[in-house]
Amino acid sequence: MTLSEQEIIRRESLQQLYELGINPFPSNTYEVNVNTSEILEKFPTDETLFQDVSIAGRIMSRRIMGAASFVELQDSVGRIQLYIKRDDICPGEDKTCYNTVFKKLLDIGDIIGVRGFVFITKMGEITIHVKELKLLAKSLHPLPIVKEKEDQIYDAFTDPEQRYRQRYVDLIVNPWIKDTFIRRAQLIGSMRNFLNSKGYLEVETPILQPLYGGASARPFKTYHNTLDTTLYLRIANELYLKRLIVGGFDGVFEFAKDFRNEGMSRFHNPEFTQMELYVAFKDYNWMMELVEEMIEKIAIDLNGSAKVQVGEYIIDFKRPWKRYTMYEVIQHFTGVDISNMDEEELRNTAQTLKVPLTPAMAKGKIIDEIFGEYCEPNLIQPTFITDYPIEMSPLAKKHVSKPGLVERFEAIVNGKELCNSFSELNDPIDQRERFEAQLELGRRGDEESMVLDEDFLRALEYGMPPTAGLGVGIDRLTMIMTNTASIQDVIFFPQMRPEK
RNA sequence: GAUUCUGUAGCUCAGCAGGUAGAGCACAUCCCUUUUAAGGAUGGGGUCUUGGGUUCGAAUCCCAACAGGAUCACCA
C-alpha cells in the first residue's frame with residue numbers, strides 16, 4: 001500500500017499524539033448532553049440556554065487565526081461552529097494543547113468532543129465557545145472537501161462510483177442523503193404498523209431454499225457443505241408464506257430480501273426488498289382496498305399529504321384509485337378490443353401496433369407486450385390493472401367468470417409496477433398442471449420458468465383456504481415516496497463490480 | 001448485452017495544433033485572539049487507469065483491457 005503525502009502526515013501526527021500521552025482512539029464513553037440541531041433551533045429564542053453543553057462530532061473545516069480558531073463540527077443531525085481560544089483550552093502556562101495538539105495534530109475528519117457555552121459571534125453565527133476539547137477518534141484518511149455558500153456547492157463529491165463504493169464518505173460529506181434512508185426506514189415502519197394493526201403476523205422464512213419458487217426469474221445458486229446439496233437464494237417467499245396459511249394463520253407477512261440473477265439498471269438491483277402478505281378467506285378485490293388504504297396512509301405518514309411530487313408529476317394516492325381491466329386499458333390506449341381475439345389475431349394486432357414479437361411468445365406474453373408498450377408508461381396516477389391472462393400467472397386462481405384470465409391485479413404508479421397481487425390458486429390439481437406447463441416452458445429454453453415444488457403441492461393437497469396474496473417492491477415504493485430516480489440511491493450499498 | 005461519454009494531485013477540474021504536467025480547495029511552514037465556500041504569505045505533492053502501437057518525442061493520436069456514468073435492451 002502506498003500512502004499519499006497527506007496520509008503519511010496523519011500517521012506521523014498519530015505517532016506524536018501517542019508520544020504526548022494522548023490516546024487517539026480512547027475507549028471511554030463521551031457524555032453528550034445536546035446535539036447541533038437542538039442548539040440551532042432553540043438558542044435564538046432563549047440565549048440563557050446551553051451555557052454548559054457537551055457535544056461530539058467530526059471536524060469538517062478549520063479556520064485558524066493565531067491564538068483563536070473556528071471549527072465546523074458535524075454530528076448526526078447537523079453542523080455547528082466552534083470557537084476555540086488558546087487561553088481557554090490551555091488555562092495554564094503550557095499551551096501544548098492548543099499550539100501542538102489542536103493546530104498541528106488534529107485534522108479535518110477527526111472526531112472530537114467539546115464542552116463549552118453557546119454564544120453568537122459578531123458575524124451573527126451561533127457558536128460554541130469551547131472550554132475543553134478531547135480527541136475521540138483520529139482520522140487517517142483525508143475526506144473530500146465540500147464547501148457551500150448560499151446554496152452554491154463547491155467541489156461537490158458527486159462521482160457515483162465513489163459515492164456507492166464508499167457510502168460512508170458520501171454520508172459524511174453529503175449528509176442530506178441520510179434523509180432518503182431515514183424516510184425509507186419510516187416507510188417500512190409505517191407499513192409494518194399498518195399490517196400489525198390489522199392483526200397479521202410478521203414471520204421469517206428461508207432465504208436458502210432447495211427449490212426456488214414464487215416468481216419467474218433466474219436464481220443465485222450456492223452449496224451447503226454438510227448437507228452436500230445445492231441451495232438457491234430465494235427469488236420470492238410466496239410459496240413458504242402460503243404454507244403458513246395452510247398451517248392455519250389468518251394473515252402473515254414478511255419484509256424479504258429477494259435475489260434475482262438478472263441485469264442491473266436504475267430500477268434493478270440483484271438483491272432487493274419485497275413485502276409479501278397473505279390473508280386467508282380474502283380475494284384480490286379485497287386486497288385492492290387494502291393496498292389503497294395502506295399506500296395512502298404511508299404517503300400521509302411520510303409527506304403529510306396523499307400528494308407526492310415524483311419527477312415532473314404530482315401523484316395523488318388518495319383513495320379510491322382508478323381501476324381498469326387489462327383488456328379495457330389496452331382498448332383505451334390502442335383503440336383495439338382484444339378481448340375475444342385468438343393468438344393469430346393478437347399477433348396481427350401486435351404487428352399493426354408495431355410491437356416487436358418473437359415466435360416463442362404465446363397469447364399471454366403478446367398481451368403483456370402490448371400493455372407494456374402502450375399502456376404502462378402512460379399510467380402515472382395510481383391505477384389498478386386487473387384480470388391478467390392465465391399464461392403469465394401460474395400461481396393465481398382462475399377468474400370466477402372470465403375464461404382464460406386469472407384474478408390478479410397490479411398497481412401501476414408513475415408508469416411502473418408498484419405491487420402485484422392475486423387470489424391465490426389453492427386447487428392442488430390445477431396448480432400441478434400449471435407447474436407442468438412451466439416445466440414445458442423450461443424444456444423449451446425459458447430460463448425463468450418455474451420449477452415444480454412437490455412439497456408445496458403436498459401442502460395445497462392438505463387444503464389451503466381461499467387466500468389473497470400481495471407483493472410490494474419496497475425499493476421502488478421508496479423511490480416514489482422520496483422522489484428518487486435511481487434504485488442505487490435508496491439502497492445504502494448497491495451492487496457493484498468488485499473493486500480492483 | 002448495444003450505443004455513447006468519462007478516467008490527470010487527497011477532492012473538484014483545466015490542459016488534447018503531439019514538444020519540461022496546471023488551477024482552486026486540501027496539505028506543510030511562517031504571520032494573525034470573533035472568522036465563515038477561500039484570513040495573509042511561501043512551499044511540497046502526479047508511473048496523467050493499465051497494456052500495446054504510431055512518432056525523434058504521447059496525458060494528448062490509434063488499438064485493446066479495466067472501471068464507471070447516461071440511454072436502450074433484458075428484467076411479472
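The sequence lines fix the lettering, A, B, ..., with proteins before strands; numbering per chain opens at 1.
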Determine, for A:E440 against A:R443, whether the closest basic-nitrogen to carboxylate-oxygen distance falls under 4.0 angstrom.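 Counted as a salt bridge, because a side-chain N and a carboxylate O are separated by less than 4.0 Å.
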Length of the [atom1]-[atom2] vector between [X] and [N], whole Å:
X	N	atom1	atom2	result
A:K416	B:C74	NZ	P	11 Å
A:F119	B:U35	CZ	P	10 Å
A:F272	B:A76	CZ	C1'	10 Å
A:L379	B:A76	CG	P	19 Å
A:I412	B:A76	CD1	C1'	10 Å
A:Q81	B:U35	CD	P	10 Å
A:M264	B:C72	CE	P	17 Å
A:E161	B:C11	CD	C1'	15 Å

Contact class for [X] (heavy atom, under 4.0 Å): base, sugar-phosphate, or nothing?
X	answer
A:I64	base
A:A156	sugar-phosphate
A:D87	base
A:R63	base
A:E369	nothing
A:E5	base
A:G214	base

Given side chains that start at C-beta, do those of A:I39 and A:I128 come closer than 4.5 Å, heavy atoms only?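 Side-chain contact under 4.5 Å: yes.
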Using side-chain heavy atoms (C-beta onward) and a distance below 4.5 Å, is A:Y374 in contact with A:L353? yes
Please tell me if [X] has a side-chain N or O lying less than 4.0 Å from either OP1 or OP2 of [N].
X	N	value
A:K149	B:A37	yes
A:R408	B:A76	no
A:Q162	B:A67	no
A:K104	B:A28	no
A:R10	B:C27	no
A:K103	B:A28	no

Take atom [atom1] in [N] and the same atom in [M], then report the distance between them in whole Å.
N	M	atom1	answer
B:C32	B:A41	C1'	11 Å
B:C66	B:U55	P	28 Å
B:U8	B:A76	P	38 Å
B:G46	B:A21	C1'	8 Å
B:G45	B:G7	P	25 Å
B:A14	B:G22	C1'	7 Å
B:G39	B:A67	P	41 Å
B:C11	B:A64	P	29 Å

Between the side-chain atoms of [X] and the base atoms of [N], is any donor-acceptor pair under 3.5 Å?
X	N	value
A:E148	B:A37	no
A:D155	B:G24	yes
A:E125	B:U35	no

A:Y240 six-ring face occupied by A:R243 cation (under 6.0 Å, within 45°): yes
Cationic tip of A:R62 above A:F102 ring, under 6.0 Å, 45° of axis: yes
Result for side chain to side chain donor-acceptor pair (under 3.5 Å) between A:S61 and one of A:Q81, A:K147, A:E72, A:Q74 points to A:E72
Which residue, A:I9 or A:D159, contacts RNA chain B at a nucleotide closer to its 5' end, judged by nearest heavy atom?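 Looking at RNA chain B, the more 5' nearest nucleotide goes with A:D159.
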Closest-nucleotide 5' rank along RNA chain B - winner of A:E417 and A:K147: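 Comparing both residues, the 5'-ward one is A:K147.
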Are A:Y278 and A:F253 close enough that their ring centres sit under 6.0 Å apart?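 Aromatic pair excluded; centres sit 6.0 Å or further apart.
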For RNA chain B, the expected dot-bracket line (Watson-Crick or G-U under 3.5 Å, [ ] crossing, | inter-strand) is (((((((..((((.....[..)))).(((((.......))))).....(((((..]....))))))))))))....
Measure from the side chain of A:N420, starting at C-beta and using heavy atoms only, and say which of B:U35, B:G10, B:A76 lies closest. B:A76
Examine distances only and state if a side-chain atom of A:T386 and a backbone atom of A:F409 form a donor-acceptor pair shorter than 3.5 Å. no
